[in-house]
There are 2 protein chains.
Amino acid sequence: MSTAARPYTNALNRLKDANLRPTRQRLALARLMFEDGHRHLTAEQLHSEAMSNSIKVSLATVYNTLHQFTDAGLLHEIVIDSGRSYFDTNTAPHYHFYCEEDGMLSDIPADAVQIEGIPSVPSGTQLQSVDLVFRLKRDSVARDAA
Amino acid sequence: MSTAARPYTNALNRLKDANLRPTRQRLALARLMFEDGHRHLTAEQLHSEAMSNSIKVSLATVYNTLHQFTDAGLLHEIVIDSGRSYFDTNTAPHYHFYCEEDGMLSDIPADAVQIEGIPSVPSGTQLQSVDLVFRLKRDSVARDAA
DNA sequence: GTGTTTGCAAAGTGTTTGCAATTTA
DNA sequence: TAAATTGCAAACACTTTGCAAACAC
């Protein structure tokens, strides 16, 4: 009940719920991230997108924002490549395909894969998340089958 | 049949098999890695270890060596933390526990966990590896059970 | 001897930080 | 206005690179 058609409202509410002051930059970034169909973003990618959309925001602010969003539970950080962080707008449990050669990263729904026999965690710790990545490589033309 | 008791021989053979010229540094690093009980190493860790053992080797060479060993299949690179690479001397399939708070990384044998229902890989690709990491956090003193 | 490997230090990533200027409530 | 946020540029951590000297075969 209200202007549900305006994506802005959506982003605004996300920020409010997360107790993040809805500044111009945060709002704009939230809109790009949550309403532009993108799901896996690096800071640089998001920054570029912002630039393309004439959103004035510095890379440092993009980093800050990504971390604030992650801390607030709006994003999930994916560790898939040393030296580069991906942020996933899908915070529900799920898994990934990743092809290093071309940077392709795609989702696998949690219910598509069963993980059984999770060993008991070391004492003094508890399970925080289960990261499952199927790493791919592009087919070569043909390979000897030895 | 030969001096099997000398760890040196072991490392030497590994290098020879991998077609890597057994230089003083490579030999020494191989010995540290494969015969000192260590399994998960960062470049800096290995470099420190080398220093402690009075092995003169530069950090650049440690990096080069780790990559050469990885390319040769002697090591497996683990992506677990953006901005830091771990190298695993266990090249057989297996999984990991990881606790970011203290950097603890430990093995889970492949047969301890079953992964079922691996979705078919995107066309034009093939599965290279399955990375499964159980991320842990240290227990807090007590947590509300809501 | 010849080609490989090493070490250094410099350059390169991606990311974080300090602080003044700006913006929000 | 007071407190939070931003932008910039400098600082960072980790990794790679270029090239001359050292080494292995």
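To find a chain, count down the sequence lines: A is the first, B the second, and so on, and within it residues start at 1. All values below were derived from every heavy atom in this structure, side-chain atoms included, with hydrogens, water molecules and symmetry-related copies excluded.
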Proximity to the side chain of [X] - top-ranked nucleotide from [options]:
X       : options               : answer
A/Gln25 : D/dT6, D/dT15, C/dC8  : D/dT6
A/Ser58 : D/dC23, D/dG7, C/dC8  : D/dG7
A/Val57 : D/dT15, D/dG7, C/dA25 : D/dG7
B/Thr61 : D/dC25, C/dG7, C/dT15 : C/dG7
B/Arg26 : C/dT5, C/dT17, C/dC8  : C/dT5
B/Glu44 : D/dC14, D/dT5, C/dT17 : D/dC14
B/Leu59 : D/dT15, D/dA24, C/dA9 : D/dT15

[N] phosphate, OP1 or OP2, under 4.0 Å from [X] side-chain N/O:
X       : N      : value
A/Arg21 : C/dT24 : no
A/Tyr63 : C/dT15 : yes
B/His67 : D/dT15 : no
B/Gln68 : C/dT5  : no
A/Thr23 : D/dT6  : yes

Give the rounded distance in Å between these two atoms: [atom1] of [X] and [atom2] of [N].
X       : N      : atom1 : atom2 : result
A/Leu20 : C/dT24 : CG    : P     : 15 Å
B/Asn19 : D/dC25 : CG    : C1'   : 14 Å
A/Arg84 : D/dT16 : CZ    : P     : 12 Å

TODO: Give a yes or no on whether the backbone of B/Met104 and the side-chain of B/Asp102 come within a donor-acceptor separation of less than 3.5 Å.
DONE: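 A pair under 3.5 Å: yes.
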- [ ] Verify, without hydrogens or angle tests, whether A/Asp107 (side chain) and A/Pro109 (backbone) share a donor-acceptor contact under 3.5 angstrom.
- [x]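 Checking the backbone N and O of A/Pro109 against the side chain of A/Asp107, no donor-acceptor pair under 3.5 Å is found.
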Task: Whichever of B/Ser82 and B/Asn64 has its nearest DNA chain C nucleotide further upstream toward 5' - done: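 Closer to the 5' end of DNA chain C: B/Asn64.
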Open item on the list: With a 3.5 Å limit on both atom pairs, tell me what C/dT2 is paired to, counting Watson-Crick and G-U wobble, or say none.
Closed with: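 Looking at the geometry, C/dT2 pairs with D/dA24.
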TODO: Using a 4.0 Å heavy-atom cut-off across all strands, classify B/Thr42 as base, sugar-phosphate, or nothing.
DONE: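 Nothing, no nucleic acid heavy atom in range.
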Open item on the list: Can you confirm whether A/Gln68 is buried at CD, in the sense that more than 12 heavy atoms of other residues, nucleotides or ligands lie under 6.0 Å from that atom?
Closed with: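 It does: A/Gln68 CD has more than 12 such atoms within range.
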Task: B/Arg84 and B/Asp81: CA distance, side-chain angles, deciding distance, salt bridge (Lys or Arg N to Asp or Glu O under 4.0 Å) verdict - done: CA-CA 6 Å; B/Arg84 191 184 323 277; B/Asp81 188 347; 3.7 Å; yes
Open item on the list: Nearest heavy atom decides the nucleotide; on that basis, is B/Tyr86 or A/Ala60 closer to the 5' end of DNA chain D?
Closed with: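 First, find each residue's nearest nucleotide; the 5'-ward one identifies A/Ala60.
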Open item on the list: So, using side chain to side chain contact (heavy atoms under 4.5 Å, CB included) as the criterion, who are the partners of A/Val133 when residues are at least two apart?
Closed with: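 With neighbours one apart ignored, the set is A/Ile80, A/Tyr98, A/Arg135, B/Asp131.
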